[in-house]
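Below is one structure, written out as C-alpha cells; comments come after it.
Quick note on labels: first sequence line is chain A, next is B, and so on, each numbered from 1.
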2 protein chains.
Amino acid sequence: MARTIDELAVLSGVSRATVSRVLNGGSVSAKTRSRVEAVLGETNYRPNLAARSLASGRSNVVGVVMHIDPHLLFQDPYFSQLLQGMSSALADRSAGMMLWLGNRSKEDTLGTILSMGLVDGVVVTANSLDDPLVDGLLASELPTVLVGHRKADRTASYVDVDGVHAADAMTTHLISIGRSRIGYITGMPRNVAAADRLAGYRQAMKRAGLSVADTIVEGDFNTPTGVTGAASLLDRGVDAIFCANDAMALGALETIRARGLRVPEDVALAGFDDLEFAARLDPPLTTVRQGVREQGAEAVRNLFELIEDRSRSPRRVLLPTELVIRQSTVGGGPRT
Amino acid sequence: MARTIDELAVLSGVSRATVSRVLNGGSVSAKTRSRVEAVLGETNYRPNLAARSLASGRSNVVGVVMHIDPHLLFQDPYFSQLLQGMSSALADRSAGMMLWLGNRSKEDTLGTILSMGLVDGVVVTANSLDDPLVDGLLASELPTVLVGHRKADRTASYVDVDGVHAADAMTTHLISIGRSRIGYITGMPRNVAAADRLAGYRQAMKRAGLSVADTIVEGDFNTPTGVTGAASLLDRGVDAIFCANDAMALGALETIRARGLRVPEDVALAGFDDLEFAARLDPPLTTVRQGVREQGAEAVRNLFELIEDRSRSPRRVLLPTELVIRQSTVGGGPRT
DNA sequence: CCAGAAATTGGGAGCGCTTCCAAAACCTAG
DNA sequence: CTAGGTTTTGGAAGCGCTCCCAATTTCTGG
C-alpha cells in the first residue's frame, strides 16, 4: 500500500528516480524494471497528479469550455454528444477533462482556466461571431482548439463541419425536386453555424438563378421561431421551407399542418442536425446529419497534437456531413 | 505580470508567507494587506493550482462521474441539466469540475479518480442497483455524494427525488379521473429510479384495491419499448397507461393512435420527467417534473459540506417533484 | 584482460505553494 | 517606562514528483 514514489523506491530497492523512470517509460534495464513492476503490482500505488503536474508542467488534463445558452444546452443533444466524443477520445489517452459550462462571465472563466496551470490545453466551442473568451484563449500560450470557427480564426486550430456545403447541398436537393420558391429560416444572427448555413443556402440559390429577395426570415434556432417564421414564409407563397435546424423545422411543421397544407406535396420541409425526433416526425424529416461525436473526438485529437508539438502549425479540419433524405421532401422516397 | 507568489512577494516587499496569507484569508494587518492587494490588482497573478493542491492537499476541484448508457445520454436532457446545476453551484464557490463519462471500465475510472489526489470529492450518479464504482467510492476516503440512491446506501450522502411518492401521486391521479385498469411500463430492471417509480405505482394501486396482476410490462426507458409495451397493454384492455418516463410515453402514444384510439377518452396516458417535448405532444402529456438542475446544485452543496467537515454525518436529501397535469389525462384540463 | 564507449542508476535540485514555528513588532496595563 | 501578552511577519521545511547531471555499472573490441 505504498502511497508515494519514495515508499515504492524503498520497497523495490532502487532510487526514486528509477521508479519514476519505469512509471514514465524511461530507459531502465529489464531486470530492474520487472522488479519495480512486481512491487507496483502488489501495491496499487497511484501517482499524485498534483505533484506530477507541478514537477513536469503537464497534467494530462484538458479543459473544455462550453459557453452556451442554457436553454439550448437543455434540449439540444449536440452538447451531450460533443461531450461524449471528447470524453471517449480523452479516455483513449487516459486523460482527464475539466469542464466549464457557461454560467460565469466569460472573462472570469478565462482567468480561471489560464490560472490553474492545471490544464494542458483547451477545447472551446466557438459559436458566437465575437467571443472575447475565444479571443483571449487564442492570444494566450495555452494550446487551444475550437469546435466551430469564425472567419477571423484563420490561424487557429479548429474542427467544424462544412455547414456551407451542407446547406448548399440541401438547397440543391430542394431545387432538384422541382421547388423554386424556397424559403429559409435562419439561426441566431451572430451564430457562426447559422451564418455558414445561410451562406450555403444563398450560394445554391444564386447558382440556380433563383431569387432570395423575400425568402429569408430570421429565426433563433428555437421551435417558436420556426412556427412564426413558417407562417410568414407561407404568406409569401413558398413551396419549400428549409430551416437552419430541426427544432425550427418542428415548429414549421406545426404551422404548415395548421394551415391544412400537405408535406411535401404543397410544401417541402427540410431541417438540419438530424436530431433524434427527426425520423419520427410525420412525415419523417429530411435533414442534415453531422457527426457530432466525431467532431468532439477529433477536436481532442487535434488538441493533443498541438500539446505534443506546440510549434506545429494550426490544423483545421472540416468534417463531412450527410444529407438524410426522408419523406418531408420526397413523398415516396426511401423510408428511414 | 508576476507569475509566482515569490515575484509577488518581492514586488510588494513582504515575504512569500505573507502573500499566501492575504491570498487565503489568513491574518494580516490591514496595512500590509492593502499593499499586497494593490500589487495583486495590477499584476493579474493567478496561483498555480497544482502547487497549491500539492501543498495544501485541497484542490477546489470536484469530480463528477456519470456512468450512463451513451444512448440515454444523447437524447435525455437529464444529464445536461444535472451538469448545469452542478456547474452553477460549483461556479458559486469558484470550484472546478472534472468530468468522467462512462466510457471506460468502471474500476478503471475509480482508480484514476482516487489516484489523482486531484479532486476533493466526487458526485456520482448512482442509477444502477449494483455498481462497483459506487461501492468503491463509498468505501474510500474520498467524500462522495450520490445522485440517486440505492436501498443499500443507508450511510451515504445522497440527493434524489422522491420517485416513489411521485409515481404514487400520478397513479392516484389516474385513479381519481376514473381509471381502474391502469397499465404500467417499467424502466430498466436494475435502474434505481425505475424501481422507485414502480414501487410508487404498486403502492397506489394497492391502496386503491386495484389489481396489478397483468398490468405491468417491462420497458427500458427507450421509445421502442414504449411502442411495444403499449401494444401489449392495449391487448389486455387497459384504460390508462403510465410510462416510467416520457420517452416511452412517446412510443406509447404512437401505438395508441395507430390503433385509432383517442387520448385521453379511450386511454389516458402519463409519463415521467417532463421533457421538453411533453408539452408539445398532441395531446400534451401529463407527466412528473423533477428539479434536475436543483438536484445537481444540491448534490454539489452537499458535497462541499462533506469536504469541509468530513466527520459530519451523511446528509440525505429527497427533492420534491411536481405533477404536471395536461390533456393526455384530463381532456378539458388546463392548457400548458 | 583492459581502455573506452554506452547504458543504467542515484543524488539532488527544484516545480509553486502552504503552514508550522519562532522572531519581531505592536499593545496593553501597571 | 517596562513587563507581559497579543499580533503580525519571515524563515524554512516540506507536499510528491520529474529530470538534469554525474557516478557507477555493463558492454564493446582490440
Approximate separation, where rounding is to 0.5 Å, of B:Arg315 CZ and B:Leu306 CG: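 Result: 9.5 Å between the selected atoms.
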
Euclidean distance, atom [atom1] of residue [X] to atom [atom2] of [N] [Å, nearest integer]:
X       : N      : atom1 : atom2 : result
B:Arg52 : D:dC17 : CZ    : C1'   : 20 Å
A:Asn48 : D:dT18 : CG    : C1'   : 13 Å
A:Asp6  : C:dG12 : CG    : C1'   : 12 Å
A:Asn60 : D:dT18 : CG    : P     : 12 Å
A:Tyr45 : D:dG16 : OH    : C1'   : 7 Å
A:Arg21 : C:dG10 : CZ    : C1'   : 8 Å
A:Leu54 : C:dA13 : CG    : P     : 17 Å
B:Arg16 : C:dT19 : CZ    : P     : 14 Å

D:dG16 base / A:Arg46 side chain donor-acceptor hit below 3.5 Å: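 In this structure, the two groups form no donor-acceptor pair.
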
Under 3.5 Å: donor-acceptor pair, side chain of B:Arg35, backbone of B:Ser12: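 Judged by distance alone, yes, a pair lies under 3.5 Å.
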
Side chain B:Asp160, main chain B:Leu318, donor-acceptor under 3.5 Å: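 Checking the backbone N and O of B:Leu318 against the side chain of B:Asp160, no donor-acceptor pair under 3.5 Å is found.
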
Minimum side-chain heavy-atom gap B:Ser157-B:Arg312 below 4.5 Å: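 The answer is no, as the side chains (C-beta and beyond) never meet within the 4.5 Å cut-off.
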
The single option from A:Val22, A:Val36, A:Leu23 passing side-chain contact (heavy atoms from CB on, under 4.5 Å) against A:Val28: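 Exactly one candidate clears the test, A:Val22.
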
Passing option when A:Val300 is tested against A:Glu305, A:Met97, A:Met86, A:Gln295 for side-chain contact (heavy atoms from CB on, under 4.5 Å):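 It is A:Met86, the one option of A:Glu305, A:Met97, A:Met86, A:Gln295 that forms the side-chain contact (heavy atoms from CB on, under 4.5 Å) with A:Val300.
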
Sugar-phosphate, base or nothing in reach of B:Arg33, heavy atoms under 4.0 Å: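 Contact class for B:Arg33: none.
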
Rounded to 10 degrees, the angle between the two terminal axes of the helix from C:dC1-D:dG30 to C:dG30-D:dC1, each from five pairs: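 It comes to 30° between the two terminal axes.
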
Name the closest nucleotide to the [X] side chain, picking from [options].
X       : options                : result
A:Ala55 : D:dT18, C:dG16, D:dT8  : D:dT18
B:Ile5  : D:dC17, D:dG10, C:dT18 : C:dT18
A:Ser56 : C:dC17, D:dT8, D:dT18  : D:dT18

Earlier contact from the 5' end, DNA chain D, for A:Lys31 and A:Ser20: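 It is A:Ser20, whose closest nucleotide lies nearer the 5' terminus.
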
Residues B:Arg52, B:Asn24; criterion side chain to side chain contact (heavy atoms under 4.5 Å, CB included); working and verdict: CA-CA 11 Å; B:Arg52 172 175 277 188; B:Asn24 299 295; 3.5 Å; yes

Hey, does the side chain of [X] come within less than 4.0 Å of [N]'s phosphate (OP1/OP2), counting only N and O?
X       : N      : answer
A:Ser27 : C:dT8  : yes
B:Thr32 : D:dT8  : no
B:Thr18 : D:dG10 : yes

